[in-house]
Amino acid sequence: MTVHLIAACGRRGQIGRAGDLPWRGDPDMETVMKMDLAGFRRLTMGGVVILGRRTARGMPRLEGRCVYEWAGSESAEVIETCGQEWPGRPIWIAGGAHTYRTFAPFVDGLKLISAIPYDNPPEEDREHVFFPFDAYGFRWGGAA
């Protein structure tokens, strides 16, 4: 079984704000968001998507995918359970920040991170959630 990572990050690694994507509702980001979500759908279709509880609650219904809403239980057991319940299907870790960090040791497949041309004023950083790049040994250059 292969475990993949999929994420969309703003210029400085932003992945969330107030339980949603930080760029949702920004008219300038509408086309980028539609393209990114279409890619998410295409890549994860038919697979297992592991989401943290807060992220899962903010997501629309993911038809055509098996969704595992992670509630903080032992991550190794979750991977094993998903592999047994949905054998042969790729597993995608899809957020939020705590879920990305916790499952980092299990990601042995693709690591797909979309660079979204979004940024916020630094004084609003406390309102944002950031991707844990250190857990994957990545450096984020803010490209977008």
Could you tell me whether the side chain of [X] and the main chain of [Y] form a donor-acceptor pair under 3.5 Å?
X      : Y      : value
His4   : Leu110 : yes
Arg65  : Glu63  : yes
Trp140 : Arg11  : yes
Arg12  : Asn120 : yes
Asp108 : Thr2   : no

Do [X] and [Y] sit in the same hydrophobic cluster, where Ile, Leu, Val, Met, Phe, Trp and Tyr count as joined when their side-chain heavy atoms come under 4.5 Å apart?
X      : Y      : value
Leu112 : Ile93  : no
Met29  : Phe130 : no
Leu43  : Leu37  : no
Val3   : Trp70  : yes

Test side chain to side chain contact (heavy atoms under 4.5 Å, CB included) applied to Trp92 and Thr44, Leu5, Val107, Ile50, the passing residue: Thr44
Validation row, ring centre Tyr136 to ring centre Tyr100 under 6.0 Å: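 Ring centres of Tyr100 and Tyr136 not closer than 6.0 Å.
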Could you tell me if the side chain of [Y] sits less than 4.5 Å from the side chain of [X], heavy atoms only?
X      : Y      : result
Cys66  : Glu85  : no
Arg101 : Asp134 : yes
Met1   : Pro87  : no
Val78  : Phe103 : yes

How far apart are the closest heavy atoms of [X] and [Y], and which atoms are they?
X      : Y      : result
Cys9   : Ile15  : SG-CG2, 3.6 Å
Pro132 : Ala97  : CG-O, 3.6 Å
Ala104 : Ala135 : CB-O, 3.6 Å
Phe106 : Ser75  : CE1-OG, 3.3 Å
Trp23  : Ala8   : CH2-O, 3.4 Å
Val67  : Trp86  : O-CH2, 4.5 Å

[atom1]/[X] to [atom2]/[Y] distance, rounded to the nearest 0.5 angstrom?
X     : Y      : atom1 : atom2 : value
Leu62 : Leu51  : CG    : CG    : 6.5 Å
Arg53 : Glu69  : CZ    : CD    : 5.5 Å
Met33 : Tyr118 : CE    : OH    : 12.0 Å
Glu30 : Arg24  : CD    : CZ    : 11.0 Å
Gln84 : Ile79  : CD    : CD1   : 12.0 Å
Thr81 : Glu77  : OG1   : CD    : 7.0 Å

Exceeds 12 heavy-atom contacts within 6.0 angstrom, atom CE of Met45: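 Yes.
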Gln14 and Asp125 side chains, donor-acceptor separation under 3.5 Å: no
side-chain contact (heavy atoms from CB on, under 4.5 Å) between Ile113 and Phe133, worked out: CA-CA 11 Å; Ile113 301 177; Phe133 291 105; 3.9 Å; yes
